[in-house]
Amino acid sequence: MSLKTPVVILNFKTYLESSGKKALDLAKALESAGEESGIAMVAVPQAIDVYRIKNKTNIPVLAQHIDAISAGGHTGSNLFESFLASGVDGTLLNHSECRMTLADIAEIVKKTKEAELISCVCTNNIETSMAAATLAPDYVAVEPPELIGTGIPVSQAEPEVVEGSVSKVKAINKDVKVLCGAGISTGDDMAAAIELGAEGVLLASGIIKAESPKDALLDLVSKI
Ligand SMILES: O=C[C@H](O)COP(=O)(O)O
């Protein structure tokens, strides 16, 4: 499966405003904003909310993380095959709030390719974006952790990280698409990201905590 670009990937994380029934409400806001704007919008709920959202909406759904384990005694982990059965369309990997080893990232990227699912490897700077690109995921999402949740957009505060990641990743594998995230919340932030060569954004709090997530999403894509 591939996503139309530019793409908006909304990481629900574990906010109360994006959990349980509110996860479905947020997913429906994404679906409605995507239909109205024509921009691809993707939900990234907690594992427990994936099945519900896949069954009640028509939007692509990514897992926030998939454990690099084999079937058996791994209490509390989430098995790749279980996500497959839930209908998930792919997964984030190595988010700064859920870091993985390079070997585990490589294992899950390989499994997503075999299952024709989407992989989006999160990185924190140009160098880790280059390392991730060697694994040939569908997306690399560069996010300086110090900007996450601050409302200070990476596309305006650290444009060189975005531009540098795009050029270095494309030099390694032109098929890997680069997204950026951290502090992104407005139409100017997303327009700046696209201007820097990103093919979309990965974001969370600016939308999740908005009075109207749907209006915030429509504003986000209003200048691209
Ligand atoms: O996965 C999303 C990123 O961590 C960005 O989060 P944020 O939009 O709250 O800064």
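Remember, it's 1-based here, ligands and their atoms both numbered in the order they're listed.
- Ligand 1 has no N or O atom lying under 3.5 Å from any N or O atom of E97, backbone or side chain.
- Residue A63 comes nearest to T91 through the heavy atom pair O-OG1, 3.2 Å, listed as atom of the first residue, atom of the second, then distance.
- The distance from atom CD1 of I208 to atom OG of S185, rounded to the nearest 0.5 Å, is 12.5 Å.
- Ligand 1 has no N or O atom lying under 3.5 Å from any N or O atom of L202, backbone or side chain.
- Here D49 pairs with R52 in a salt bridge; the nearest charged N to carboxylate O distance falls below 4.0 Å.
- Looking only at protein heavy atoms, the nearest one to atom 8 (O) of ligand 1 is A204 N, 2.8 Å.
- In terms of protein heavy-atom proximity, atom 9 (O) of ligand 1 is closest to S205 OG, 2.5 Å.
- The heavy-atom pair separating I148 from K13 by the smallest distance is CG2-NZ, 3.3 Å.
- The minimum heavy-atom distance linking I69 with K111 is given by the pair O-NZ, 3.6 Å.
- Set against the non-hydrogen atoms of H95, the atoms of ligand 1 under 4.0 Å away are 1 (O), 2 (C), 3 (C), 4 (O).
- Considering backbone and side-chain atoms together, I148 places no N or O closer than 3.5 Å to any N or O of ligand 1.
- The 12-atom threshold is not exceeded at CD1 of I48, counting heavy atoms of other residues, nucleotides or ligands nearer than 6.0 Å.
- For atom 3 (C) of ligand 1, the closest non-hydrogen atom on the protein side is E143 OE2, 2.6 Å.
- The closest approach between A182 and ligand 1 falls below 4.0 Å for a heavy atom of the residue.
- Around NZ of K170, the count of heavy atoms belonging to other residues, nucleotides or ligands within 6.0 Å exceeds 12.
- The closest side-chain heavy-atom distance from L203 to L220 is below 4.5 Å.
- In terms of polar-atom proximity, defined here as any N/O pair under 3.5 Å, G149 does make such a contact with ligand 1.
- Considering backbone and side-chain atoms together, N11 places an N or O closer than 3.5 Å to an N or O of ligand 1.
- Considering backbone and side-chain atoms together, K13 places an N or O closer than 3.5 Å to an N or O of ligand 1.
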